[in-house]
There are 2 protein chains.
Amino acid sequence: MLSKRTKYAINALVYLAREGSDGEPVQISRVAESEHIPRKFLEAILLELKHAGMLNSRKGKTGGYYLQKTPEEINIADVMRLFDGPIALLPCVAYKYYERCEECKDEETCGIRSVFSDVRSQTVQMLKNATLFEIIQRSEKLKKETKKKVSKK
Amino acid sequence: MLSKRTKYAINALVYLAREGSDGEPVQISRVAESEHIPRKFLEAILLELKHAGMLNSRKGKTGGYYLQKTPEEINIADVMRLFDGPIALLPCVAYKYYERCEECKDEETCGIRSVFSDVRSQTVQMLKNATLFEIIQRSEKLKKETKKKVSKK
DNA sequence: ATAAAATCCTACTAATTCGATAGGAATTAT
DNA sequence: ATAATTCCTATCGAATTAGTAGGATTTTAT
């Protein structure tokens, strides 16, 4: 399961992609209140997203956070890796975080590894495609469908 | 990432599927040594697999563990759920372990949920197909391919 | 200049989970 | 009987997670 850090990060990013589309910075406390995230905790999360190059900030009185990249460029895979580490379920099939399985006899012919390698590929592909843009699009599509349902009743 | 419990469980199950194909029980210590799993830790794991109906055991002098189901019937999804809980990355898209996301405003139109719902479906499908039988088959196929490579050199 | 308001940074903490061990009870073949 | 095995409960140390505290730093507005 995703850690709360990652969940909060995704929600904050989506919020910033929506609210801060004019380029004006949004204050931490606004994001925290709107998305129901503990203020101080969010502070640390946004800072880490900034260090990772996804966000930028302005300090001081009119300060706040805003996207450093476009919503098309920021994807869930990168956010997950940042906070939760590898997406792979086994270290021996991880890409950035590769590590040999201690107990493994022959990595090349391991059937378990073969299975989890496939799972990783599929998952990473889907999460790379899941950009902030894609998420917002999906949600808008779902809202339209809900409206239809309601008006039919 | 998988917990060590789950990794050990999968390795032990594959071992039992291979070694215990005659139906004779295999001792814990044999599995532990062969798969490099701490003996006492493995004891608890096998017991849990028994309680879940995947293994059975014989007590006493000639005792040990053996598969309760066929290798085609035991799959990785069930093993993972047993030790690590839900396969879903968000509680709101889990099947057996469903829980609402506290901070979520509208589950029905949540773009994040939509993405992770797709990821879950794909992952579960792959892991359900990953039976002990499938794993052993894959490993044998890989061994053949390795032989070819070696003999070519 | 100064005060106000924001981000930035370090350190700490309580609770939970994880991996593993210890010790003995129950069971069974010889 | 006894030897060898599974079964069961309790415990432990280390790591991780979620969150808090407090103040340093930076910037704007007056």
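Protein chains get the first letters and strands the later ones, always in sequence-line order, with residue 1 at the start of each. Worth knowing before you read on, the calculation uses all heavy atoms, side chains too, and leaves out hydrogens, waters and symmetry mates.
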Might you list the N or O atoms of the protein lying below 3.5 Å from N or O atoms in nucleotides 27-30 of chain D, with each pair's distance?
from: D:dT27; atom 1: O2; to: A:Lys61; atom 2: N; distance (Å): 3.4

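- Applying the salt bridge (charged side-chain N to carboxylate O under 4.0 Å, His left out) rule to pairs touching residues 15-28 of chain B yields B:Glu19-B:Arg30, B:Glu24-B:Arg58, sequence neighbours excluded.
- Judged as a salt bridge (Lys or Arg N to Asp or Glu O under 4.0 Å), and not counting sequence neighbours, B:Glu33 has no contacts.
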- prompt: Quick one: what's the B/S/- string for nucleotides 13-18 of chain D, heavy-atom cutoff under 4.0 Å, read 5' to 3'?
  reply: -----S
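- For B:Gln137, the side chain to side chain contact (heavy atoms under 4.5 Å, CB included) partners two or more places apart in sequence, or in a different chain, are B:Phe133, B:Glu134.
- For A:Met126, the side chain to side chain contact (heavy atoms under 4.5 Å, CB included) partners are B:Asp118, B:Val119, B:Gln122, not counting sequence neighbours.
- The salt bridge (Lys or Arg N to Asp or Glu O under 4.0 Å) check on A:Lys141 picks up nothing, with sequence neighbours excluded.
- Taking a 4.0 Å limit (strictly below) on heavy-atom distances, residues 86-100 of chain A does not reach DNA chain D anywhere.
- Considering only side-chain atoms of A:Arg39, the nucleotide from C:dT21, C:dT7, D:dT20 that sits closest is C:dT7.
- Checking D:dG23, C:dT7, D:dG19 against the side-chain heavy atoms of A:Pro38 singles out D:dG19 as nearest.
- Residues meeting the side chain to side chain contact (heavy atoms under 4.5 Å, CB included) test with A:Ile87, sequence neighbours left out: A:Ala77, A:Met80, A:Arg81, A:Thr123, A:Val124, A:Leu127.
- Evaluation of the side chain to side chain donor-acceptor pair (under 3.5 Å) test over residues 89-102 of chain B, restricted to residues two or more places apart or in two chains, returns A:Lys4-B:Glu102, B:Tyr98-B:Glu107.
- Applying the side chain to side chain contact (heavy atoms under 4.5 Å, CB included) criterion to B:Ser114, with sequence neighbours excluded, gives A:Arg138, A:Leu142.
- Residues satisfying the salt bridge (Lys or Arg N to Asp or Glu O under 4.0 Å) criterion with B:Glu108, sequence neighbours excluded, are absent altogether.
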